[in-house]
Structure formats: structure tokens, C-alpha cells
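Proteins come first, then strands; the chains are lettered A, B, ... in the order of their sequence lines, and each starts at number 1.
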There are 2 protein chains.
Amino acid sequence: MTGEARARFERIYTLLRERICLLDYPPGMRLREEDLAEEFDTSRTPIRRVLARLEDEGYLRSVHGVGTIVTDIDIASLEQVYRLRVELSELIGKLSPIEPDEDAKRAFAGMKTRCEALVRTPSQRAFAQLNMDFFHLLMTLTENEPLQEFSERLYYQTTRIWLKRAAGEDGTEETLASEIGFFLREVSDIAAAVACGALESVGQIRRAHVAMSFARLKERAGEEVEAGPL
Amino acid sequence: MTGEARARFERIYTLLRERICLLDYPPGMRLREEDLAEEFDTSRTPIRRVLARLEDEGYLRSVHGVGTIVTDIDIASLEQVYRLRVELSELIGKLSPIEPDEDAKRAFAGMKTRCEALVRTPSQRAFAQLNMDFFHLLMTLTENEPLQEFSERLYYQTTRIWLKRAAGEDGTEETLASEIGFFLREVSDIAAAVACGALESVGQIRRAHVAMSFARLKERAGEEVEAGPL
DNA sequence: TGGTGCTGATTTGTACACAACATCGTTGGC
DNA sequence: GCCAACGATGTTGTGTACAAATCAGCACCA
């Protein structure tokens with residue numbers, strides 16, 4: 001696969017993955033190859049190429065005669081993914097870190113501004129988008145491509161589940177506001193570390209926040225078990 | 001994809017990946033979809049599904065009108081992959097380690113025996129196979145699936161290149177014997193650590209050996225640049 | 001002699017028809 | 001009324017023909 005075909009593949013792949021992460025395609029949703037083929041004005045074949053990759057990476061599961069379903073993750077698997085993600089987070093500052101230039105520093109400052117605006121007018125959707133943009137900005141701090149790739153995998157797998165439980169339909173408006181507050185602190189801390197070029201600190205701060213984020217998620221899940229109907 | 005289709009997919013995928021890692025398909029080799037289809041008694045379609053995954057994971061590169069070529073890796077990319085691999089190696093003992101039972105301990109002891117036999121009658125092929133088996137045995141020490149998956153990716157990507165340069169046609173018989181010697185020490189050390197259930201030590205020993213292995217690789221590459229025809 | 005364009009062969013990428021399979025409603029027997 | 005078998009419908013998996021792209025060889029000309 002090369003040239004134009006490759007470009008189209010990447011375009012569709014990135015778009016579908018984003019839809020999954022932002023919960024436009026929530027866990028359990030059924031996709032139809034033919035619908036996607038029509039949307040992207042092609043046949044099923046190239047679509048199936050994309051879906052195959054998304055399935056290999058664990059976002060989807062195709063079942064013969066039924067459809068391709070967006071996966072959900074049980075809390076046990078999520079814990080495994082999170083533990084690894086915590087470890088990898090720290091490596092941003094240790095493996096081939098890129099000294100941030102003025103543009104990069106401005107970009108982090110801009111993130112903080114967006115986040116402050118979000119605190120004033122909370123929105124689940126805007127939060128999800130900001131969270132994702134911030135992640136991608138973080139990734140520009142290392143030039144270690146395998147680390148980038150694996151971090152992306154872990155990010156997309158965990159964040160969509162986290163988003164669903166912490167700030168989605170399951171959660172209240174208070175939990176959304178609370179999570180945005182925590183996120184503002186993370187962005188502020190990291191922006192400050194970037195501003196003085198302390199990339200190792202960036203990794204450590206990120207690591208701490210990812211770990212805390214998961215701890216809150218588990219705590220909330222525990223409450224549900226106690227109070228919930230299930 | 002499910003049931004029988006899934007099983008066939010996994011079978012072909014695993015086999016082809018092993019061929020790539022063991023250098024049956026050396027870097028630069030061109031594969032033909034139709035040949036593979038014939039070998040596995042099916043059409044191009046399921047084969048393409050496998051090749052797509054191998055391409056996504058970086059082992060192959062399909063070029064329209066040319067063929068699918070086994071990839072090579074430049075020393076710079078290899079360095080990035082190795083750095084990450086060094087970090088992940090240590091995590092075996094830290095993320096959901098599984099306390100080895102008697103069978104597991106025997107398996108590690110058996111590896112040591114095989115390795116000692118290999119010292120007496122060196123063989124590039126047998127070394128490659130043993131190295132791979134040992135890796136898979138190591139992976140049984142953690143139940144963290146994402147860690148297993150990522151470790152596998154990094155292992156297969158680096159080992160085939162390492163094997164080619166350190167013990168393949170490029171290397172002399174002395175380097176092969178030397179590498180087998182180093183490997184015996186690694187296997188011995190790790191088997192000892194496993195025997196007393198010190199999984200954290202297993203990770204640290206492994207980390208050290210992976211790092212040293214890459215250091216030797218780079219040193220040898222440096223010599224080539226000085227002495228070689230290129 | 002060297003270079004340039006063409007043509008045929010080869011190989012991957014795409015489209016489409018059909019097979020395999022799962023689901024659900026219906027119908028018949030009891 | 002209930003349950004089981006069956007068929008209709010919808011969806012993914014497979015096979016195959018064809019399109020698109022690359023490359024090597026060769027003829028042809030300056």
C-alpha cells in the first residue's frame with residue numbers, strides 16, 4: 001500500500017479512531033462496512049483494510065454474520081492497560097526528549113488558556129477534544145517513534161473508557177466539573193515544567209496524574225457497585 | 001473475524017512472523033501474495049489480511065505494482081526501538097508478575113541445558129530458535145497482556161536485525177560463539193533468579209543484558225564502518 | 001554510444017458477486 | 001398456549017476479475 005491509497009487509509013483510520021475515542025461510536029455500537037464504504041465513497045475493500053487494523057489494535061471486534069462492534073473493556077483489563085500507561089508516561093521525558101522551542105512553549109500555554117475557558121463553561125465534548133489535543137502535544141516532546149505509537153495505543157484504549165465512565169452519561173455534572181478541575185491542574189503543572197525546559201519533570205508529573213486519574217476512576221466504579229442497580 | 005477464520009489467521013500470521021524473525025525471509029526479500037495463497041491453500045484475500053497486519057506492525061511494506069518487501073531498519077530507528085525495549089524489559093518483574101511454579105522453574109532450567117548444548121555445537125539457526133523460545137518463556141512471567149504484546153513487537157523487530165548483524169552472514173563464527181556465550185550467562189542468571197522467585201531481579205537482569213547486547217551491536221557496526229567496503 | 005519512450009509482463013489495489021453464518025419473526029405441531 | 005423448526009433478512013468472510021502501477025527490455029533516434 002503506497003501513495004494515494006496509503007493517504008486515504010490513514011485519513012479514514014485516524015477519523016474512525018477519533019470517533020471511537022470521542023464516543024461518537026460508543027462501546028457496543030455496531031458499524032456496517034457498507035455504510036462506511038458509502039460515506040467515504042469507495043467499496044468495502046479499503047474499508048475492511050481500516051477495520052482490520054482497528055480490530056487488531058483492539059478498538060473493534062468483527063463477528064461473522066453479525067457486524068463489527070465497538071469494544072468495551074472490563075475493569076481488570078483496564079487496570080493492566082493503565083499500569084503500563086503509567087510507566088510509559090514517564091518515559092516521555094527520558095527517551096530522546098526534544099528541547100521545546102518558543103512555539104512549543106506557546107502551544108502549552110495555549111492549552112492552559114483553553115482549559116481555563118473550559119472550567120467556566122464545562123462541556124463533555126470540548127473536554128474530550130482538549131484532552132486529546134493535549135495528549136498529542138505531549139507526544140511532540142519525544143522523537144522516539146515506537147514510544148509515540150505505544151503511548152497512542154494506550155491513550156486511545158483507556159481514555160474512551162475513562163471518558164465514558166468519568167464524564168459521560170454515567171457521570172454527573174459534578175464529576176465532569178471535578179475532572180476538568182484536575183485536568184487544569186495537570187495542564188498548568190506541565191506547562192510550567194515545559195516553560196523551564198524540565199522535560200524529566202514533565203514525565204513525572206504526567207505519570208502522577210495518569211495514576212491519580214485511574215485511582216479516581218476505580219473509586220467511582222466502587223461506589224457504583226455499592227449503590228448501583230447492578 | 002471469528003472462529004475458524006480467526007484461527008487460520010493467527011496460524012498464518014504467527015508462522016510468517018517467525019519466518020521473518022528467523023531470517024527465513026531476510027530483509028529485502030520480496031513476497032508474492034499468490035505464492036502464499038497457494039501455500040496455505042486459500043485465495044489472496046485472507047493472505048492480504050495477514051500481510052496488512054504485518055505491514056501495520058512494520059515487518060513488511062507493500063508497494064503497488066512491485067511486491068511486499070521484508071523491511072530493514074536503519075541504525076537510528078533501531079536505537080529508538082532498543083531504548084524502549086530496555087525500559088520495558090524491566091517491567092516484566094514489576095507489572096503483575098506471576099510467581100513461578102515448579103514447572104516454570106524446570107522450564108527455565110531446561111533452557112539453560114539447551115543453551116549449554118548450543119555452546120558445544122554452535123548453530124546460527126538453533127541459536128535464533130532458542131533465543132525466541134526463551135523470550136516467550138520470559139513472557140509467561142507476567143500476566144499483563146498489553147506489556148506482552150508490546151514486548152513481542154519490540155522483540156521481533158530488534159531481534160531479526162540483531163541476528164542478521166551479530167550472528168548472520170555478516171558475522172564471523174567467532175562472533176556467533178561469543179554471542180552464544182553471553183546468552184548462556186543471561187539464561188543462567190535469569191534461571192537462578194527464577195529459581196528463588198526473585199522476579200524483580202529477573203527484570204533487572206534482562207534489562208542489563210538487552211542493553212549490553214545492543215551496545216555490542218553498535219560497537220560491531222562501528223568497526224564495519226571503519227573497516228568495511230562501504 | 002547514450003538516452004528516451006514504448007510495450008509487455010508482473011504484482012498489488014479495488015470492486016463486486018457469492019458463500020457462510022447469525023438473528024429474528026413466523027408457522028406448524030402438539 | 002408453548003416450543004421447536006424453518007425460512008427470510010442482514011452482515012461479514014472469500015474468491016475472482018479487472019484496474020492501476022511499476023519495471024525491465026528493446027527499438028529507435030540524435
N-O pairing of A:Arg30 and A:Asp35 below 4.0 Å: no
Length of the [atom1]-[atom2] vector between [X] and [N], whole Å:
X       : N      : atom1 : atom2 : result
A:Glu33 : C:dC21 : CD    : P     : 17 Å
A:Glu38 : C:dC16 : CD    : P     : 13 Å
B:Glu34 : C:dA9  : CD    : P     : 16 Å
A:Met1  : C:dT14 : CE    : P     : 8 Å
B:Ile69 : C:dT10 : CD1   : P     : 17 Å
A:Asp41 : C:dA15 : CG    : C1'   : 13 Å
B:Arg61 : C:dT11 : CZ    : P     : 17 Å
A:Arg48 : C:dG13 : CZ    : P     : 16 Å

Toward the 5' end of DNA chain D, by each residue's nearest nucleotide, A:Leu51 or B:Thr42: A:Leu51
Partners meeting side-chain contact (heavy atoms from CB on, under 4.5 Å) with A:Glu143 (sequence neighbours left out): A:Ser96, A:Ile98, B:Gln80
Nucleotide range of DNA chain D lying under 4.0 Å from chain A heavy atoms: D:dG10 to D:dT14
Closest-nucleotide ordering on DNA chain C, the 5'-leading residue of B:Arg32 and A:Val63: B:Arg32
5'-most by nearest nucleotide on DNA chain C - B:Val66 or A:Thr45: B:Val66
Partner of A:Asp72 under salt bridge (Lys or Arg N to Asp or Glu O under 4.0 Å), chosen from A:Arg61, A:Lys164, A:Arg165: A:Lys164
Flag for B:Asn131-B:Tyr155: side-chain donor and acceptor within less than 3.5 Å: yes
Modelled atom types, side-chain donor and acceptor of A:Arg206 and A:Ser89, under 3.5 Å: no
B:Trp162 ring center within less than 6.0 Å of B:Phe183 ring center: no
Least distance between heavy atoms, A:Thr159 atom then A:Cys21 atom: CG2-SG, 4.2 Å
Under 4.0 angstrom between A:Arg44 side-chain N/O and C:dA15 OP1 or OP2: no
Any A:Arg8 side-chain N or O less than 4.0 Å from OP1/OP2 of C:dT14: yes
Sugar-phosphate, base or nothing in reach of A:Ile47, heavy atoms under 4.0 Å: nothing
Closest nucleotide among C:dA19, C:dT14, C:dT10 to the A:His64 side chain: C:dA19
